[in-house]
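Accompanying notes for the structure given below.
Below, each value reflects all heavy atoms present in this structure, side chains not excepted, and no hydrogens, waters or symmetry copies.
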Amino acid sequence: MSTTTKTRARPAALTLTPAAEARIAALMAKAPEGTIGVKLSTPRRGCSGLAYSVDYVSEEKPFDEKIETPAGAFYVDGASILYLIGSRMDWVEDDFAAGFVFENPNAKGSCGCGESFTV
């Protein structure tokens with residue numbers, strides 16, 4: 001009797017809204033030479049512990065999650081992935097501010113100014 005192993009495509013760690021993808025496209029259009037994509041990480045800072053950081057990247061790291069978007073490659077830092085699973089990333093602009101906004105089901109709390117979060 002032969003056994004067959006089925007593999008299922010793993011869902012992306014987080015989803016990007018069309019507005020977030022459009023913003024990534026705009027960032028990539030003016031990226032420095034040698035940039036291969038945009039990367040999301042969660043460095044330790046702020047009064048709650050972790051913050052969201054979006055930066056250009058020039059090389060792939062072995063444990064980073066790579067998400068292909070119509071705008072180009074979007075990476076999630078391998079050390080941050082557990083804090084971000086199931087999150088939704090959006091780009092919001094109004095008359096007073098513009099920035100990426102995150103809906104993170106793993107966040108247990110955040111600071112009053114919204115700069116950092118706890119898990």
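Met89 places none of its side-chain heavy atoms less than 4.5 Å from the side chain of Thr15.
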Stepwise side-chain contact (heavy atoms from CB on, under 4.5 Å) test for Phe102 and Arg88:
CA-CA 6 Å; Phe102 298 88; Arg88 181 174 171 268; over 6 Å; no
Let me see the working for Asn104 and Tyr52 under side chain to side chain donor-acceptor pair (under 3.5 Å), right down to the final yes or no.
CA-CA 11 Å; Asn104 186 341; Tyr52 300 104; 3.1 Å; yes
Assess the residue pair Leu14 and Val76 against the criterion (side-chain contact (heavy atoms from CB on, under 4.5 Å)); give the C-alpha distance rounded to whole Å, side-chain angles, the decisive distance to 0.1 Å, and a yes or no.
CA-CA 9 Å; Leu14 76 154; Val76 180; 3.2 Å; yes
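Considering only residues two or more places apart in sequence or on other chains, Glu68 meets the salt bridge (charged side-chain N to carboxylate O under 4.0 Å, His left out) condition with Lys66. Annotation: side chain to side chain contact (heavy atoms under 4.5 Å, CB included) contacts of Asp95 (sequence neighbours excluded): none. The side chain to side chain donor-acceptor pair (under 3.5 Å) search around Thr17 returns Asp90, not counting sequence neighbours. Shown here are the side chain to side chain contact (heavy atoms under 4.5 Å, CB included) partners of Glu93, two or more places apart in sequence or in another chain: Trp91, Ala98. For Tyr75, the ring-ring contact (aromatic ring centres under 6.0 Å, His included) criterion is met by no residue, not counting sequence neighbours.
No path of Ile, Leu, Val, Met, Phe, Trp and Tyr side chains, each step under 4.5 Å between heavy atoms, connects Val57 with Phe100, placing them in separate hydrophobic clusters.
Atom CG of residue Asp77 and atom CD of residue Glu65 lie 11.5 Å apart, to the nearest 0.5 angstrom. To the nearest 0.5 Å, atoms CZ (Phe74) and CG (Leu27) are separated by 10.0 Å.
Val92 and Val101 make their closest contact through CG2-CG2, 3.6 Å (heavy atoms, listed as atom of the first residue, atom of the second, distance).
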Using atom types as modelled, flag every donor-acceptor pair under 3.5 Å from a side chain in residues 28-41 to any protein atom, sequence neighbours excluded.
unit_1 : atom_1 : unit_2 : atom_2 : d
Thr35  : OG1    : Pro32  : O      : 2.7
Lys39  : NZ     : Asp64  : OD2    : 2.8

